[in-house]
Amino acid sequence: MRIATWNVNSLRVRLPQVLEWLAGSAVDVLAMQETKLVDADFPTEAFTALGYQVLFSGQKTYNGVALLARAPGTAVLTDIPGFEDPPRRVLAATLAGLRVVNLYVPNGQAVDSEKYHYKLRWLAALRDWLSEEARQHPRLVVLGDFNIAPEDRDVHDPAAWVGSVHVSEPERRALRAVQELGLLDVFRRFEQPPGTYSWWDYRMLAFRRNQGLRIDLVLASAALAATCTACVIDRAPRKAERPSDHAPVVADFTPPP
DNA sequence: ATGGTGGGCAGCCCA
């Protein structure tokens with residue numbers, strides 16, 4: 001089973017690239033973020049034509065998340081229970097013997113901004129919710145755009161980024177609190193080339209210079225992580241005309257016994 | 001050099 005996450009930065013613009021990528025990548029589950037589409041505009045037929053079931057939680061202009069899967073989803077959630085949050089950032093479903101939680105974590109803008117404190121509150125609420133999800137679902141995968149680079153090796157120039165949003169210690173601590181629920185960053189279960197990132201700024205020729213961050217993550221419960229056979233970041237879509245600023249992260253799992 | 005580029009929707013907000 002192949003599971004992927006991709007911040008597409010406007011599904012309206014990126015749909016042809018997403019369809020082309022799906023046709024060549026044998027993905028069973030794709031979690032997308034920043035679809036920026038209201039539900040009425042979601043291109044359902046384009047994906048059902050490729051054999052996917054679709055789930056989505058969208059809004060106008062900003063945010064928006066979607067899940068594509070070969071199997072239908074049940075027990076769908078579009079919010080962190082009990083946490084009032086109008087932006088559409090969460091989409092959870094049970095499908096193909098897995099609990100899948102697709103996240104678009106708040107960006108945070110700048111350390112000590114109002115948006116940064118919102119990000120930390122959001123992550124605290126996420127942790128509390130995921131503790132319950134982890135208890136109920138031994139086979140849990142939490143994936144998406146976390147807007148946090150877990151460690152300095154996930155940052156092209158740690159000295160330039162020190163203390164900044166996406167790498168600050170409170171953000172990393174909040175991410176570790178999520179991982180301490182027993183969720184493993186499956187990318188780091190395998191040998192990886194140094195300087196492997198999932199996001200590059202559109203500005204300053206950052207992609208050509210590989211000035212990136214690894215902020216798109218696939219976290220898996222211990223039972224699921226034990227069945228993970230590979231995790232790679234596919235840079236190819238970032239090289240396209242009019243690319244998303246993020247590349248997809250792809251993880252392979254053996255089927256349940 | 002505190003910029004630069006891109007998406008969305010109307011002169012900005014957000015990333």
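Scope of the values below: all heavy atoms of this structure, side chains included, with no hydrogens, waters or symmetry mates. Source: prediction; values computed, not measured. Chain letters run A, B, ... following the sequence lines, proteins first, then strands; residues in each count from 1.
Here ring pair (Phe, Tyr, Trp, His ring centres under 6.0 Å) pairs that include residues 49-74 of chain A, with residues two or more places apart or in two chains, are Phe42(A)-Phe56(A). Note on residues 14-38 of chain A: pairs passing ring pair (Phe, Tyr, Trp, His ring centres under 6.0 Å), not counting sequence neighbours, are Trp6(A)-Trp21(A).
For Arg2(A), the salt bridge (charged side-chain N to carboxylate O under 4.0 Å, His left out) partners are Asp252(A), not counting sequence neighbours.
At least one donor-acceptor pair under 3.5 Å links the side chain of Arg88(A) to the backbone N or O of Pro86(A).
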What nitrogen or oxygen pairs link the protein and nucleotides 1-3 of chain B at under 3.5 Å?
none

Listing time: all N or O pairs from protein to nucleotides 10-14 of chain B that are below 3.5 Å?
{"residue": "dC13(B)", "atom": "O2", "partner": "Tyr62(A)", "partner atom": "OH", "Å": "3.2"}
{"residue": "dC14(B)", "atom": "OP2", "partner": "Lys115(A)", "partner atom": "NZ", "Å": "3.2"}

Can you give each donor-acceptor pair under 3.5 Å made by side-chain atoms of residues 90-103 of chain A, sequence neighbours left out, with the distance rounded to 0.1 Å?
{"residue": "Thr94(A)", "atom": "OG1", "partner": "Arg99(A)", "partner atom": "NH1", "Å": "2.9"}
{"residue": "Arg99(A)", "atom": "NE", "partner": "Glu133(A)", "partner atom": "OE1", "Å": "2.8"}
{"residue": "Arg99(A)", "atom": "NH1", "partner": "Ala75(A)", "partner atom": "O", "Å": "2.8"}
{"residue": "Arg99(A)", "atom": "NH2", "partner": "Ala75(A)", "partner atom": "O", "Å": "3.2"}
{"residue": "Arg99(A)", "atom": "NH2", "partner": "Glu133(A)", "partner atom": "OE2", "Å": "3.3"}
{"residue": "Asn102(A)", "atom": "OD1", "partner": "Gln33(A)", "partner atom": "NE2", "Å": "2.8"}
{"residue": "Asn102(A)", "atom": "ND2", "partner": "Met32(A)", "partner atom": "O", "Å": "3.1"}
{"residue": "Asn102(A)", "atom": "ND2", "partner": "Ala66(A)", "partner atom": "O", "Å": "2.9"}

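Between Leu205(A) atom CG and dG4(B) atom P there is a gap of 13 Å when expressed in whole angstrom units. The separation between Asn7(A) atom CG and dG8(B) atom P is 12 Å, rounded to whole Å. If you measure from atom CZ of Arg89(A) to atom C1' of dA15(B), you get 11 Å, rounded to the nearest angstrom. In this structure, His246(A) places its NE2 atom 12 Å from C1' of dG6(B), rounding to the nearest Å. Across the protein-nucleic acid pair, Gln211(A) atom CD and dG4(B) atom P stand 16 Å apart, rounded to whole Å.
Taking atom P on both dA1(B) and dC12(B), the two are 29 Å apart, rounded to the nearest angstrom.
Side chains of Ser244(A) and Asn9(A): a donor-acceptor N/O pair is absent below 3.5 angstrom, by distance only. When only modelled atom types and interatomic distance are considered, Ser168(A) and Glu171(A) share a side-chain donor-acceptor pair under 3.5 Å.
The two atoms that bring Arg176(A) and Glu169(A) nearest to each other are NH2-OE2, 2.5 Å, heavy atoms only.
Put simply, Arg242(A) has no side-chain N or O that comes within less than 4.0 Å of OP1 or OP2 on dT5(B).
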